Amino acid sequence: MTIAFIGLGNMGAPMARNLLKAGRKLVVYDLSTDAVADLVSAGAQAAESVGHAASLAQTAVITMLPAGTHVRTVYLGEDGVLARATRGVPLIDSSTIDPATAREVSAAAQGQGNPMADAPVSGGTGGAQAGTLTFMVGAEAGLFDTIRPILAEMGRNIAHCGGAGNGQVAKLCNNMLLGISMIGVSEAMALGVSLGMDPKALAEVINTSSGRCWSSDTYNPWPGVMDNVPAARGYTGGFGTPLMLKDLGLATEAARQAGQPVHLGALAQQLYQWFAANGHAAEDFSAIVKLYEQG
Ligand code: NAD
């Protein structure tokens, strides 16, 4: 029983490898022939196009693409997934995209007899390699039960968030909060240090007090506070500033469509936009602490 995997980039390639390791038969496609060749050397079969890959899928089609426009093309295009998939085969999109596009593509799939889930992930490339991703799934209950074992071969936490689009809703809410909290921790650390406090001592107090959060206790942005975080290695690796900016853009755009104010989310989006445009696009998102550098 074959799974089609389309989109073999930084995330998709290691996810596909984990499916192979779990004993799945895979057919793969990517615009990059090198990416396809890598997976073929690990035991996958190469497809010639999106439609070809989808037509060979018996168990599921999984996609891991950059953004909503790619998801539209891959699913709704002339030789796309919907045009070629066998009716009844479940479709799973793990890209991070806006909920409206996720719901639109899911409705089109559902309308022709292919149940579709949005299943964006958290955990980064490290989690993709280790098979420890969190999947946030928007799907009807029956579909969730069907695809859960497949997702469990690539991830550790598989969360059912409700119907179509709700996986994307959970993902953008989480990442908006992450962006806001990273800026908040940066600001608090900078204030404490400028008022004479040792950054390590300050972080210790915060991490046993009510200001504690993931940005303070697991991924502290202040250099010298923690080992094995991007702040300890010049803000290389980790979760890139452009990816945080993308997710904040998805959150603020979804908020605009819903008429829901997101005062801090919008401010965070603007701060990351300024930061990326001013020479920091290659750095981890915790480098936002540099906003508070003095002199
Ligand atoms: P990436 O750019 O490395 O990979 C995307 C792949 O899709 C590329 O190999 C590209 O060639 C392929 N692609 C694009 N259009 C295609 C088409 N029409 N047909 C076939 N293949 C096509 O991106 P990534 O880092 O793997 O991220 C994928 C998604 O996961 C994004 O939505 C991203 O926001 C999300 N995400 C990324 C991370 C991370 O740390 N990189 C973490 C969580 C979520």
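Bear in mind the structure is a predicted one, so any value in this text is a computation, not a measurement.
Judged by distance alone, with hydrogens and angles left aside, the side-chain atoms of Lys246 form a donor-acceptor pair with the main-chain N or O of Thr96 at under 3.5 Å. Of the possible polar contacts, one joining the Gln58 side chain to the Thr2 backbone as a donor-acceptor pair under 3.5 Å is found. Proximity of a side-chain donor or acceptor of Asp118 to a complementary backbone N or O of Gln168 within less than 3.5 Å is detected. Between the side chain of His280 and the backbone N or O of Ile288 there is no donor-acceptor pair closer than 3.5 Å. Checked by atom type and distance alone, the side chain of Asp227 never pairs as donor or acceptor with a backbone atom of Ala232 at under 3.5 Å. Formation of a donor-acceptor pair under 3.5 Å by the Asn114 side chain with backbone atoms of Gln110 is not found in this model. Formation of a donor-acceptor pair under 3.5 Å by the Ser32 side chain with backbone atoms of Ala35 is found in this model. A donor-acceptor pair is defined here as one N or O able to donate and one able to accept, closer than 3.5 Å; such a pair exists between the side chain of Ser209 and the backbone of Val205. No side-chain donor-acceptor contact under 3.5 Å links Ser95 to the backbone of Pro66. In this structure, the side chain of Asn278 engages the main chain of Trp274 through a donor-acceptor pair within 3.5 Å.
Residues Met64 and Val121 are in side-chain contact: their nearest non-hydrogen atoms beyond the backbone lie under 4.5 Å apart. Residues Val105 and Asp93 form no side-chain contact, since every pair of their non-hydrogen atoms from C-beta on lies 4.5 Å or further apart. Using a 4.5 Å cut-off on side-chain heavy atoms (C-beta onward), Ser55 and His52 make contact. When side chains are defined from C-beta on, Asn220 does not count as touching Val229, because their heavy atoms never get closer than 4.5 Å. Here the side chains of Leu248 and Met176 are in contact, with some heavy-atom distance below 4.5 Å. Residues Gln269 and Asp247 are not in side-chain contact: their nearest non-hydrogen atoms beyond the backbone lie 4.5 Å or more apart. Side-chain atoms of Met11 and Pro14, non-hydrogen and from C-beta on, never get closer than 4.5 Å to each other. Taking the side chain as every heavy atom from C-beta outward, Val50 and Thr73 never approach each other to under 4.5 Å.
Of the listed residues (Leu20, Leu39, Asp38, Ile3), just one forms a side-chain contact (heavy atoms from CB on, under 4.5 Å) with Val28, and that residue is Leu39.
Residues Cys213 and Val185 come closest through the heavy atom pair SG-CG2, 3.6 Å. The heavy-atom pair separating Gly165 from Ala102 by the smallest distance is CA-CB, 4.2 Å. Nearest heavy-atom pair, Ala119 versus Ser94, reported as atom, atom and distance to 0.1 Å: O-OG, 2.8 Å. For Ser215 against Pro221, the heavy-atom pair with the smallest separation is O-CD, 3.5 Å. Counting all heavy atoms, side chain and backbone alike, Met226 lies closest to Asp217 at CE-O, 3.4 Å. Contact record, Thr59 with Pro90: O-CD, 3.2 Å, taken as the closest heavy-atom pair.
Under the 4.5 Å side-chain contact rule for hydrophobic residues, Leu177 and Leu172 do not share a cluster. Put simply, Met136 and Leu243 are part of two different groups of oily side chains (I, L, V, M, F, W, Y) that touch within less than 4.5 Å, one to the next. Val193 and Tyr292 fall into different hydrophobic clusters, defined by Ile, Leu, Val, Met, Phe, Trp and Tyr side-chain heavy atoms under 4.5 Å apart, directly or through other members. Cluster membership for Leu91 and Val137, using ILVMFWY side-chain heavy atoms within less than 4.5 angstrom, is not shared. One hydrophobic cluster holds both Val36 and Ile62 under the rule that ILVMFWY side chains link at heavy-atom gaps under 4.5 Å.
To the nearest 0.5 Å, atom NZ of residue Lys171 and atom OG1 of residue Thr134 are 9.5 Å apart. Interatomic distance, CE of Met244 versus CZ of Phe239, reported as 5.0 Å (0.5 Å rounding). Taking CG from Leu133 and CD1 from Ile158, the interatomic distance works out to 8.5 Å, rounded to the nearest 0.5 Å. Rounded to the nearest 0.5 Å, atoms CG (Leu250) and CD1 (Ile97) are 8.5 Å apart. Within the model, atoms NZ of Lys25 and CE of Met1 stand 10.0 Å from one another, a figure rounded to the nearest 0.5 Å. Within the model, atoms CG of Leu291 and CD1 of Ile183 stand 7.0 Å from one another, a figure rounded to the nearest 0.5 Å.
Defined by atom type and a distance below 3.5 Å, a donor-acceptor pair is present between the side-chain atoms of Thr63 and Tyr75. Counted by atom type alone, Asn18 and Arg24 present zero donor-acceptor pairs between their side chains at under 3.5 Å.
Counted within 6.0 Å of CZ on Arg156, heavy atoms from surrounding residues, nucleotides or ligands total 12 or fewer; the atom is thus considered open. Residue-environment remark: CD (Glu140) stays at or below the threshold of 12 foreign heavy atoms within 6.0 Å. By the neighbour-count criterion of 12 heavy atoms within 6.0 Å, atom CD of Gln112 is densely surrounded, having more than that number from other residues, nucleotides or ligands.
In this view, Glu253 and Arg256 satisfy the salt bridge (charged side-chain N to carboxylate O under 4.0 Å, His left out) rule, not counting sequence neighbours. The salt bridge (charged side-chain N to carboxylate O under 4.0 Å, His left out) search around Asp198 returns none, not counting sequence neighbours.
Checked against the 6.0 Å centroid criterion, the rings of Tyr219 and Phe285 qualify as a close aromatic pair.
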For the pair Tyr235 and Thr241, evaluate side chain to side chain contact (heavy atoms under 4.5 Å, CB included) and give the outcome as yes or no after the intermediate values.
CA-CA 10 Å; Tyr235 303 100; Thr241 288; over 6 Å; no
